[in-house]
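This report refers to the structure that appears directly beneath it.
Quick caveat, the model's predicted, so the values are computed rather than measured. Order of the sequence lines fixes the chain letters, A, B, ..., with proteins taken first and strands second; residue numbering starts at 1 for each chain.
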Amino acid sequence: MAEKFYITTTLPYTNSNPHIGFAAEIIKADVVARWQRLLGAEVIFSTGTDEHGLKIYQQAAAANLSPRDYCTPFVERFKKLHQILEISSTHFIRTSDENHLAAVQEFWRRVQVKGDIYKKRYQVKYCVGCELEKTDSELVDGHCPWHPNRELEIIDEENYFFRFSKYQQALLDFYKQQPNFVLPAHRQKEIINFVSSGLKDFSISRLAKKMPNGVPVPGDPEQVIYVWFDALVNYISVLGWPEENSLYTDFWPGIQVCGKDNLRQQTVMWQAMLLSLGLPPTKQVAVFGFLTFNGEKISKSKEGAIDPFLQVEKYNSDALRLYVLSDIMPFEDGDYNEDNLIRRYNADLANGLGNLSARVATLLEKNKIATNLSPQIPAPWHKDFNKSLNNFKLNEAWEILSREVRTANEKLSAAAPWKLNNQEEIKNILIPIAQTILNISWYLQIFLPAAAEKLLSQYGAAEIKKGESLFPRL
RNA sequence: CGCGGGGUAGAGCAGUUGGCAGCUCGCCAGGCCCAUAACCUGGAGGUCGUCGGUUCGAAUCCGACCCCCGCAACCA
């Protein structure tokens, strides 16, 4: 029976268009999903949209739409993004989907049965100037930084709380037992320190009359479930949990990827929630760095310039995929720089693999050499390649293929078959190189699926012919 | 003394059982002419953040310091 492999991205908040950072996240997840599929695993690759919470509620109200209807065009936009980036996701979940709502409520009930939910009155500081709640960390000298002359109001609200604190030790034990739970390792250290410093129970509901855009608390229509407590459940609700005999049984636990802003929610909060129900913890969480743009933080106003749709239109999907996979270090913050994108594409694809395949194909065709090859898997680099992918070091995996291209170019130049007349000799030089190109193409499928497909059919044919330029220079 | 990451060639990064400092891109010069002005060969370019210590020998181990950057409970 095929191995089961489950990977998910975070669910982006659906009040704006897709962000280049999310594009990078989903591309990385896609590469890993494709790799597992190539290895023969049955893969579920899930992503979706988070549609609850205050911001969407307000925007929807302003547009005179229901929150779900308000989100729908953005959902379409995200799905379109998958298309243009060649994302091989299998499931798409909206937190406003019926089955998700039901799963969240069931999740809540079970946490309640465990005695991990209680009601508590607490106070929030509220700035009437902003009409927003303020946390202490936001305040300057006890006042709202934007309205320093106004006294903050203290609002009393009664909400449900999750007994987060109860799971401190269990979480620490778990991290100790699974030293590779969080990638990279230093993020695991970070959360161990965080959890060690003590966990505070947190509020997991809001008053429905103030913020109705959420999942109703079972048995208490006056409250809705806090967005995070709701959204995190998507990782299992998309698999059909809590239904018996659903995909959940075979596919959970899976691997989650996220940006570094999500570290705590994914690796601490969500794990505590799973612990409460006695469900298996996530297998692994890969935490990626952030992108800057030309050295500066990507602000709302700059977002447009590197909108992933525009980037693909301006260059192409191969260039964007390759760039975020190879030039951006997976776990570090990276700078999105279009000159580097162009340079990378031209160096590795146009001058590298593209040019190599063109010269070999031309030589084979000119000399009328029959081939009829098929990929030889595993290739010599298979083990290293696999290891890099298992650690989400996608740049390393790409570097392995890149090196093979370089070596093939060197061999070809050294042997200089274009100077020879003996066809047998020429054939003996070209066939092994054609074989290498075919092998590289097989691995290339996870990075650049469409291009790899073309190469595989070109080099897998009985007679290799010079085709169109695969990677035209930018 | 809040926690964590980092400072190695113009850029991005490798480099922990200590042993002549590496890779890719970029730049310069030559070669080649099969190929997408590409490919191959060679070269220039670094006081490995600073100071001190251990050692025959330190980017690597130890100590102090300086500087950048995240996180600090809803920002991809």
Rounded distance [0.5 Å steps], CE in A:Met211 versus CD in A:Gln223
11.0 Å

Do A:Arg68 and A:Asp97 sit within salt-bridge range, that is, some charged N less than 4.0 Å from a carboxylate O?
yes

Could you tell me how far B:C23 sits from B:C56 if I compare only their P atoms? Round to whole Å.
32 Å

What nucleotide, of B:A76, B:C34, B:A35, holds the atom closest to the side chain of A:Phe290?
B:A76

Among B:U36, B:A76, B:C34, the one nearest any side-chain atom of A:Leu412 is B:C34

Spacing of the P atoms in B:G57 and B:G12 (rounded, Å):
34 Å

Rounding to an integer number of angstrom, what distance separates B:G5 and B:G15 when you compare their P atoms?
15 Å

Quick one: A:Asp50 CG to B:C74 P, roughly how many Å, whole number?
13 Å

Check whether any side-chain nitrogen or oxygen of A:Asn193 sits under 4.0 Å from OP1 or OP2 of B:G4, and answer yes or no.
yes

Sort out for me which residue in A:Leu401, A:Leu444, A:Leu470, A:Leu448 forms a side chain to side chain contact (heavy atoms under 4.5 Å, CB included) with A:Leu353.
A:Leu444

For B:U36, give its Watson-Crick or G-U wobble partner with both distances under 3.5 Å, or none.
none

Which heavy atom of A:Phe107 sits nearest to which heavy atom of A:Met273, and what is that distance?
CZ-O, 3.7 Å

Would you mind telling me which of B:G4, B:C40, B:C74 lies closest to the side-chain atoms of A:Glu410?
B:C40

Is A:Lys189 near enough to B:G5 that one of its side-chain N or O atoms lies under 4.0 angstrom from OP1 or OP2?
yes

Need one value for A:Phe288: base, sugar-phosphate or nothing, where a base atom within 4.0 Å counts as base even if backbone is also close, heavy atoms only.
nothing

What is the distance from CH2 of A:Trp418 to C1' of B:C40, rounded to the nearest Å?
8 Å

Between A:Lys260 and A:Asp333, is there a side-chain N and carboxylate O pair less than 4.0 Å apart?
yes

B:A73: pairing nucleotide in any strand, Watson-Crick or G-U under 3.5 angstrom
none

Euclidean distance, atom CG of residue A:Asp339 to atom P of B:U24 [Å, nearest integer]:
21 Å

Nearest to the side chain of A:Arg264, heavy atoms from C-beta on, is which of B:U36, B:A72, B:C25?
B:A72

Would you classify A:Gly352 as touching base, sugar-phosphate or nothing, given that sugar-phosphate means primed atoms plus P, OP1 and OP2, and contacts are heavy atoms under 4.0 Å?
nothing

A:Tyr345 near the nucleic acid: base, sugar-phosphate alone, or nothing, with a heavy-atom cut-off under 4.0 Å?
nothing

When the P atoms of B:U47 and B:G10 are compared, how many Å lie between them, rounded to an integer?
9 Å

With centres under 5.5 Å and planes under 30° as the test, does A:Phe202 stack with B:A73?
no

When the C1' atoms of B:G18 and B:C65 are compared, how many Å lie between them, rounded to an integer?
24 Å

Strictly below 4.0 Å: does A:Asn262 bring a side-chain N or O up to OP1 or OP2 of B:A76?
no

Just call it for A:Ser469: base, sugar-phosphate, or nothing, with non-hydrogen atoms closer than 4.0 Å on any strand.
base

Ignoring the backbone of A:Phe194, work out which of B:A73, B:C40, B:C34 is nearest its side chain.
B:A73

Of all the choices, B:G5, B:U36, B:C32, which nucleotide is nearest to the side chain of A:Glu332 once you look at every atom?
B:G5

Please name the nucleotide paired to B:U41 by Watson-Crick or G-U wobble geometry with both distances under 3.5 Å, or report none.
B:A29

Reading RNA chain B from 5' onward, which residue's closest nucleotide shows up sooner: A:Phe471 or A:Val405?
A:Phe471

With the side chain defined as heavy atoms from C-beta on, A:Gln265 is closest, among B:U36, B:C75, B:G5, to B:C75

So if I take every side-chain heavy atom of A:Trp228 and compare against B:C75, B:A38, B:C34, which nucleotide ends up nearest?
B:C75

May I ask you to say what A:Asn355 touches in the nucleic acid, namely base, sugar-phosphate or nothing, with a heavy-atom cut-off under 4.0 Å?
base

Give A:Tyr13 one of three labels, base, sugar-phosphate or nothing, depending on what nucleic acid heavy atoms sit under 4.0 Å from its own.
nothing

Under 4.0 Å between a side-chain N/O of A:Lys466 and OP1 or OP2 of B:U36, yes or no?
yes

What is the distance from atom OG1 of A:Thr282 to atom OH of A:Tyr235, rounded to the nearest 0.5 Å?
8.5 Å

Look at the side chain of A:Asn409 and decide which nucleotide, out of B:C40, B:C75, B:A35, has an atom nearest to it.
B:C40

Under 4.0 Å, heavy atoms only, any strand: does A:Lys260 hit a base, just the sugar-phosphate, or nothing?
sugar-phosphate

Using whole Å, what does the distance between atom C1' of nucleotide B:U36 and atom CD1 of A:Ile437 come to?
14 Å

Of A:Leu363 and A:Tyr226, the one whose closest nucleotide on RNA chain B sits nearer the 5' end is A:Leu363

May I ask which nucleotide in the shown strands pairs with B:C23, Watson-Crick or G-U wobble, both distances under 3.5 Å?
B:G12

What is the nucleic acid contact for A:Ala350, judged by heavy atoms within less than 4.0 Å: base, sugar-phosphate only, or nothing?
base

Of all the nucleotides listed (B:A73, B:C69, B:C33), which has the minimum atom distance to the side chain of A:Asp333?
B:C69

In whole Å, measure the gap between the C1' atoms of B:G45 and B:C3 for me.
39 Å

So what's B:G63 paired with, Watson-Crick or G-U wobble, going by both distances under 3.5 Å?
B:C51

Sugar-phosphate, base or nothing in reach of A:Arg406, heavy atoms under 4.0 Å:
sugar-phosphate

Please state the C1' separation for the pair B:A29 and B:A44 - nearest whole angstrom.
10 Å

Please report the distance, rounded to the nearest Å, between CD1 in A:Ile342 and C1' in B:C25.
14 Å

Could you tell me the separation between the CD1 atom of A:Ile117 and the CG atom of A:Asp201, rounded to the nearest 0.5 Å?
11.5 Å

Could you tell me whether the phosphate oxygens of B:A38, OP1 or OP2, come under 4.0 Å of any side-chain nitrogen or oxygen in A:Arg473?
yes

Which is true for A:Arg343 with a 4.0 Å heavy-atom rule: it touches a base, it touches only sugar-phosphate, or it touches nothing?
sugar-phosphate

Sugar-phosphate only, base, or nothing, as touched by A:Leu356 at under 4.0 Å among non-hydrogen atoms:
nothing

Between the CG atom in A:Asn395 and the CG atom in A:Leu322, the distance rounded to the nearest 0.5 Å is 11.0 Å

Would you confirm whether A:Tyr443, through its side chain, and A:Trp398, through its main-chain N or O, come within 3.5 Å as a donor-acceptor pair?
no

Between A:Arg187 and A:Phe331, is NZ or CZ placed under 6.0 angstrom from the six-membered ring centre and within 45° of the ring axis?
no

Roughly, in whole Å, what's the span from CG in A:Asn346 to P in B:A11?
22 Å

